[in-house]
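To start, the structure under review is shown below, and the notes come after it.
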Amino acid sequence: MTRWASCEAVESHPEKLGGALIFRGTRVPVSALFENIKDGASVSEFLEWFPGVEDWQVRAVLEHEVMDLERSGNS
């Protein structure tokens, strides 16, 4: 969770899905977003399939991941 601590859109609690990284206020794992995108889903489809997740949360997670990749690439 350390690298995700600055992302307001996510949380992790041992009592929710075994501590998996989830969208804040939901039980939807962040990994579901990446799995669905990998399988060809759009952000709109993901939001339709997981109504508890908000658009700003998905965008925050994607932006966080891009920034993390850019930092890793500049190391």
What's the spacing between [X] [atom1] and [Y] [atom2] if we round to 0.5 Å?
X: W4; Y: E65; atom1: CH2; atom2: CD; result: 5.0 Å
X: L47; Y: S42; atom1: CG; atom2: OG; result: 8.5 Å
X: D39; Y: F34; atom1: CG; atom2: CZ; result: 13.5 Å

Any idea which heavy atoms bring [X] and [Y] closest together, and the distance?
X: F23; Y: V61; answer: CE2-CG2, 3.7 Å
X: R24; Y: Q57; answer: O-NE2, 3.0 Å
X: A9; Y: A60; answer: CB-CB, 3.8 Å
X: A41; Y: E45; answer: CA-OE1, 3.2 Å

[Y] side chain reached by [X] side chain, heavy atoms, under 4.5 Å:
X: S6; Y: H64; answer: yes
X: V10; Y: I22; answer: no
X: L21; Y: S31; answer: no
X: F50; Y: R27; answer: no
X: L33; Y: V28; answer: no
X: F46; Y: I37; answer: no

Flag yes if M67 and V58 sit in one hydrophobic cluster, no otherwise; membership is Ile, Leu, Val, Met, Phe, Trp, Tyr, and two members link when side-chain heavy atoms are under 4.5 Å apart.
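Different clusters.
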
Keeping T26 on the side-chain end and G52 on the backbone end, is there a donor-acceptor pair under 3.5 Å?
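No: the side chain of T26 does not pair with the backbone of G52.
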
